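These notes concern the structure reproduced below.
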Amino acid sequence: MPVKTTTHPPVPESAVPVPESAVPAEAVAPLIRGVRVLRELTEAGGTLSLSGLERATGLARSTVDRITSTLARMGYVRLDGRDAVATPRLMELGNAYLAALRLPALLSSRADALADELDESVSLAVADRDGIRFIHQATRRRAMSLSFRIGDLLPAERTAPGPLFASEWTDDDWRTWRERRAADPENRGFPAVPPRELPPSKGEFEARAAQAGRNGWALDDQLIEPGLVAVSVPVRDPRTGRIACVANVVSHTSRHSAADLRDTLLPRLRATVAEMERELAEAPEPHPGPPPSGSAAWIGASKHELGREFIESLARGLTVLTAFGEGRAALTLTDVARATGLARATARRALITYEHLGLVRGQPESRTFVLTPRVLSLGFPPLSRTTLPRIAAPHLADLSARVGESTALAILVPPGPGPGSVPEIQYTARAVSPRIMGVDIRVGTRLPASATSLGRVLLAENQSHALLDEDWEDGLRTIAVPLHDRTGRVVAAVNVALHAAGRTAEECVEQLLPELRLTATRIEGELRAAGHFTRIPLL
């Protein structure tokens, strides 16, 4: 398994754009602009007005409109009035990096088990130039809990993993880190952390890195913000001995001091890291998963349909990122062109652009390219904390608008401990029809599962749909279909509810069922993308 080390000069995420003369002549300008839009949308939390994107990127409004139109066609953003909203499908770009890296798939279960055992948050981090970026989070639900997300970038000097990565830095790495710190002493280029209030002590981080290299572990004693403490241990690649990632236990001073973390939790963390390293040593070589198919033809058809509102070079460039994945960590130019169906010249220019942006790293000795952790900056952090109701809500609203009826999402709730308890459903999202007389069931409402179409679909699991014709209430007709997660398991159901005078039972099957299934397919697509490396709460 290749080790993801980083020795390139550090560049803050929000750094001033590189002068035009420094941009490679073969770089794709629309792709650079599109990446800029995605990064600004990410830093804004996943939602930003089109005028806000215009101000943040410095691009002309017409350019922003064309970029967001293209991203909407790809399913990466949703245009909601005057706002652009990142959708879970955008996570497929970050998923490509995480799948190629393999570390989350191999080590996340160990991190989750340690979090359960210690009742503390546990994370995995990789180096991103002179910062660290999280690739897995196992958080605890408390009033005082960790707010970092998968993909968040933190300055190395204010974390526990940072000194461990810095213990492997070269002289060039240290020089560029000092230049970045001098240019940004308050860490304004790292929006995931609060600005530094006091200037760093000279030589402090260098001393911490040297000590971490000697000890094989490192502490963060409230460097990010008061009260936050952490201890970290490196997970080394068994083949090279270099740091592949760092396992990190985070707590609060109300529970542990930094010294207490070292004395009480560090031994258990070290034991888990030893298990992780055995996991890496014994992991078989991955079998390449299927690359994207039909991308080039789809892009061409979209350009033909939308004309100048669709930026073909941006869509092609983003498709290049999805060529990478499990078993496809390092690809040649020919590999990328074959996987995407793009011409070699087109794939080459996209890779040159990404290398300039720090999203791809070339490996001259093997003439291959690999994704860098910076790919996670394209929408992953704000989307990594999404929920099923949030994913479903815009699709329910769209379905309600198409059919003119109320729609809802529900999950199955197990029976309570009391005698006579029965399985129930709980409504978790809904969209109300504009009709004067409509179905009004509030989010949070619970009903006996067997008495509803939603419940009957959930109880049966393999049932393709359920129709209730005034069974529960006179005049009420409902039809429901199941929702599956990426493993094929039924996790929820979607329905349309209406007055019996509106449509006959036969018309419900003929007219509403196809629309319901289309909506379910769209929700499932986003659920698969969002749930690849994150847990999606059903509530």
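It should be emphasised that the depicted structure is a prediction, and the values quoted were computed from it without experimental measurement.
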Exercise. Identify the residue among Arg349, His356, Arg316, Arg33 that makes a side-chain contact (heavy atoms from CB on, under 4.5 Å) with Val28.
Key: Arg349
Quiz prompt | Residue among Leu371, Thr319, Leu359, Leu321 satisfying side-chain contact (heavy atoms from CB on, under 4.5 Å) with Leu93 | solution = Leu321
Rounded at 0.5 Å granularity, tell me how far [atom1] in [X] sits from [atom2] in [Y].
X: Arg149; Y: Thr139; atom1: CZ; atom2: OG1; value: 12.5 Å
X: Ile135; Y: Ile150; atom1: CD1; atom2: CD1; value: 8.5 Å
X: Thr42; Y: Leu376; atom1: OG1; atom2: CG; value: 10.5 Å
X: Arg528; Y: Thr487; atom1: CZ; atom2: OG1; value: 11.0 Å
X: Leu71; Y: Arg78; atom1: CG; atom2: CZ; value: 13.5 Å
X: Phe369; Y: Phe324; atom1: CZ; atom2: CZ; value: 8.0 Å

Where is the tightest heavy-atom contact between [X] and [Y], given as atom of each residue plus distance?
X: Gly34; Y: Leu314; result: CA-CD1, 3.8 Å
X: Leu50; Y: Ala84; result: CD2-CB, 4.1 Å
X: Ala138; Y: Asp112; result: CB-OD1, 3.2 Å
X: Ala105; Y: Phe533; result: N-CE2, 4.4 Å
X: Leu318; Y: Leu38; result: CD2-CD1, 4.3 Å

Side chain [X], main chain [Y], donor-acceptor under 3.5 Å:
X: Asp152; Y: Phe148; answer: no
X: Glu524; Y: His484; answer: yes
X: Thr372; Y: Gly358; answer: yes
X: Asp83; Y: Val85; answer: no
X: Ser232; Y: Val246; answer: no
X: Arg61; Y: Glu54; answer: no
X: Gln222; Y: Gly227; answer: yes
X: Thr63; Y: Leu59; answer: no
X: Thr346; Y: Leu342; answer: no
X: Ser49; Y: Gly52; answer: yes

Whether [Y] and [X] form a salt bridge (side-chain N of Lys/Arg under 4.0 Å from carboxylate O of Asp/Glu) is what I want to check.
X: Asp173; Y: Arg129; result: no
X: Arg180; Y: Glu157; result: yes
X: Asp221; Y: Arg208; result: no
X: Asp485; Y: Arg489; result: yes
X: Arg158; Y: Asp220; result: no
X: Glu309; Y: Arg66; result: no

Exercise. List the steps, then state whether salt bridge (Lys or Arg N to Asp or Glu O under 4.0 Å) holds for Asp128 with Arg374.
Key: CA-CA 7 Å; Asp128 188 351; Arg374 190 143 298 202; 3.6 Å; yes
Quiz item: Where do Val496 and Leu516 land on the side-chain contact (heavy atoms from CB on, under 4.5 Å) test, with the steps shown first?
Solution: CA-CA 8 Å; Val496 171; Leu516 259 178; 3.8 Å; yes
Quiz item: So Trp177 and Phe205, would you call those rings parallel, tilted or perpendicular, with 30° and 60° as cut-offs?
Solution: tilted
Practice problem: Please work out whether the ring planes of Trp174 and Trp169 are parallel, tilted or perpendicular, with thresholds of 30° and 60°. | Solution: perpendicular
